[in-house]
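Have a look at the structure below, then the notes.
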Protein chains: 2
Amino acid sequence: MRKKEETGSIIEMCPVRNVIARFGNKWAFLTLLIIGEQGIVRFNELSRLMPDVSSRVLSSTLRTLEADGLIDRKVYAEVPPKVEYRLTEIGQSLLPLIRQLTEWALTNMKHVMTHRQEYRTHNNPDKNRR
Amino acid sequence: MRKKEETGSIIEMCPVRNVIARFGNKWAFLTLLIIGEQGIVRFNELSRLMPDVSSRVLSSTLRTLEADGLIDRKVYAEVPPKVEYRLTEIGQSLLPLIRQLTEWALTNMKHVMTHRQEYRTHNNPDKNRR
DNA sequence: CCGCATCCCCAAAGATACTG
DNA sequence: CAGTATCTTTGGGGATGCGG
């Protein structure tokens with residue numbers, strides 16, 4: 001993972017790509033962060049904490065994170081049903097990095113927003129509109 | 001950004017969400033990382049370093065990063081055309097974090113992959129297949 | 001009532017071809 | 001060389017429904 005060597009591609013030998021790609025998942029980071037903050041969370045609790053994520057997407061995000069071994073899912077055979085989510089050890093180890101990212105965002109957010117705005121106005125807004 | 005307070009939602013007051021969402025962009029991190037490693041890169045160089053990204057997607061990723069002020073795009077009025085990409089200062093400030101993420105990935109990748117595999121076999125593969 | 005699953009839509013990713 | 005134009009595919013996201 002140094003420079004371009006051998007094949008000319010950093011990527012193919014780089015399993016990192018897979019993990020990074022996993023966080024291409026729009027809500028993965030935020031989900032991990034929130035579970036990390038809360039310690040133990042239930043599904044609807046999470047859902048309330050992340051209002052702009054539909055339960056369907058939240059569910060699939062959680063499933064992916066569980067599959068990757070980053071979170072633990074504990075189901076209680078009760079009525080009404082109860083499912084708890086918490087970070088695994090490996091998930092915990094990722095938490096500091098996410099926190100740093102969050103801090104970076106807090107620090108640089110304004111600048112990014114401003115720059116984005118300028119960029120919009122300098123270039124044709126019609127082409128760069130969302 | 002502590003626990004659930006006031007509104008019950010961490011997010012609405014959390015600009016972090018916006019930045020994170022920006023990196024929901026599948027290739028943003030890797031692109032930043034590679035540009036950071038290389039220092040100054042030209043488009044096709046990047047394209048060669050990231051073979052599984054189409055030029056269309058690469059182009060739009062670069063544009064987004066430029067709009068956010070994370071990379072600088074320098075165009076030379078030459079024939080053949082020449083465009084150079086490099087990190088801005090704010091982009092540089094993000095680089096250490098991405099490197100840490102990369103290291104984390106290198107360390108934990110195998111475990112994640114293994115866990116993912118087990119998860120697949122334990123649950124119905126037909127339902128969890130990509 | 002909780003934790004999803006199913007249906008459907010749309011934006012973003014991907015492949016391919018083609019220009020200034 | 002550095003992209004854009006065009007078309008197809010994938011997956012995020014809302015609405016709704018359903019089993020436990």
Side-chain angles (χ1 to χ4, degrees), chain A residues 8 11 17-18 20-31 35 40-68 71-86 123-124 126-130, chain B residues 11 17-18 20-31 34-35 38 40-68 71-86 119 123-124 126-130:
Chain A
I11 303 156
R17 197 192 139 282
N18 273 286
I20 298 288
R22 223 59 179 181
F23 299 124
N25 183 318
K26 194 171 177 181
W27 301 106
F29 272 133
L30 190 56
T31 304
I35 297 181
I40 300 176
V41 215
R42 297 183 55 180
F43 187 87
N44 275 0
E45 213 176 333
L46 262 177
S47 205
R48 254 175 289 116
L49 290 168
M50 305 167 63
D52 43 2
V53 185
S54 73
S55 68
R56 184 205 175 282
V57 173
L58 180 57
S59 174
S60 83
T61 300
L62 289 168
R63 212 161 290 273
T64 304
L65 293 175
E66 190 200 357
D68 285 1
I71 64 175
D72 184 39
R73 181 170 175 272
K74 186 169 283 181
V75 184
Y76 295 84
E78 299 178 359
V79 176
K82 180 177 169 184
V83 182
E84 287 178 350
Y85 296 93
R86 74 200 71 200
N123 301 272
N124 189 338
D126 292 331
K127 293 205 65 176
N128 297 61
R129 180 176 46 195
R130 281 200 154 260
Chain B
I11 302 155
R17 197 191 140 280
N18 273 285
I20 299 286
R22 224 55 180 186
F23 300 124
N25 184 319
K26 194 172 175 180
W27 301 106
F29 273 132
L30 189 57
T31 305
I34 294 184
I35 296 181
Q38 304 290 314
I40 300 176
V41 214
R42 298 180 58 176
F43 187 87
N44 276 0
E45 213 176 335
L46 262 177
S47 205
R48 252 175 291 116
L49 290 168
M50 304 166 65
D52 44 1
V53 185
S54 72
S55 67
R56 183 199 176 287
V57 173
L58 180 57
S59 175
S60 83
T61 299
L62 289 168
R63 214 159 291 273
T64 304
L65 293 175
E66 190 200 355
D68 285 2
I71 65 175
D72 184 40
R73 180 170 175 271
K74 186 171 282 180
V75 184
Y76 295 85
E78 298 177 1
V79 175
K82 181 178 168 184
V83 181
E84 287 178 350
Y85 294 93
R86 75 200 69 199
Y119 188 89
N123 301 273
N124 189 337
D126 293 329
K127 293 205 63 174
N128 296 60
R129 179 177 47 194
R130 282 198 154 261

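The shown structure was predicted, so the numbers you read here are calculated from the model rather than taken from an experiment. Chain letters run A, B, ... following the sequence lines, proteins first and then strands; every chain starts at 1.
- When each of B:V57 and A:R73 is assigned the nucleotide of DNA chain C bearing its nearest heavy atom, the one mapping closer to the 5' terminus is A:R73.
- Dashed line: the shortest gap from a side-chain N or O of B:N25 to OP1 or OP2 of C:dA12 is not under 4.0 Å.
- In this structure, the separation between OG1 on B:T61 and CZ on B:R56 is 9.5 Å, given to the nearest 0.5 Å.
- The side chain of A:R48 contributes no N or O atom lying less than 4.0 Å from OP1 or OP2 of C:dG3.
- B:R56 has its CZ atom 12 Å from the C1' atom of D:dT9, to the nearest Å.
- Of the inter-residue distances, the one linking B:L62 atom CG with B:E66 atom CD reads 8.5 Å to the nearest 0.5 angstrom.
- The side chain of B:W27 contributes an N or O atom lying less than 4.0 Å from OP1 or OP2 of C:dG14.
- In this structure, CG on B:L30 lies 4.0 Å from CD1 on B:I34, to the nearest 0.5 angstrom.
- The distance between atom CZ of B:F43 and atom P of C:dG20, rounded to the nearest whole Å, is 18 Å.
- Contact check for B:L49 versus B:Q38: side-chain heavy atoms found under the 4.5 Å cut-off.
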Scan the side chains in residues 77-86 of chain B for donor-acceptor partners under 3.5 Å anywhere in the protein, sequence neighbours excluded, and list what turns up.
residue : atom : partner : partner atom : Å
B:E84   : OE1  : B:Y76   : OH           : 3.0
B:E84   : OE1  : B:R86   : NH2          : 2.7
B:Y85   : OH   : B:R73   : NE           : 3.3

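- Rounded to a whole Å, the CD atom of B:E45 is 9 Å from the P atom of D:dA2.
- Contact annotation: A:R63 does not reach the phosphate of C:dG3 (side-chain N/O to OP1 or OP2, under 4.0 Å).
- Considering only side-chain atoms of B:K26, the nucleotide from D:dG13, C:dC4, C:dG14 that sits closest is C:dG14.
- Rounded to an integer number of Å, the gap from CD1 of B:I40 to C1' of D:dA2 is 17 Å.
- At whole-Å resolution of the value, NZ in A:K74 and C1' in C:dG3 are 18 Å apart.
- For the pair A:Y85 and C:dC4, the criterion of a side-chain N or O lying under 4.0 Å from OP1 or OP2 is met.
- Contacts between residues 75-84 of chain B and DNA chain D, counted as heavy-atom distances below 4.0 Å, involve B:P80, B:P81, B:K82, B:V83.
- With sequence neighbours excluded, no residue forms a side-chain contact (heavy atoms from CB on, under 4.5 Å) with B:S60.
- For A:F43, there are no ring-ring contact (aromatic ring centres under 6.0 Å, His included) partners, not counting sequence neighbours.
- The B:S60 side chain lies nearest to C:dA13 when the options are C:dA13, D:dG13, C:dC4.
- Expressed to the nearest 0.5 Å, how far CD1 of A:I35 lies from OG1 of A:T31 amounts to 6.5 Å.
- When rounded to the nearest whole Å, the span between CZ of B:R42 and C1' of D:dG3 equals 13 Å.
- Residue A:S55 has no polar side-chain atom (N or O) positioned under 4.0 Å from OP1 or OP2 of C:dC2.
- Using five terminal pairs a side, the axes of the helix from C:dC1-D:dG20 to C:dG20-D:dC1 at its two ends make an angle of 40°, given in steps of 10 degrees.
- Taking atom CG of B:D52 as the reference point, atom C1' of D:dT10 lies 16 Å away to the nearest angstrom.
- Looking at B:W27 and B:D52, their side chains come closer than 4.5 Å, going by heavy atoms from C-beta outward.
- Taking atom CG on A:L62 and atom P on D:dG12, their separation rounds to 13 Å, with Å as the unit.
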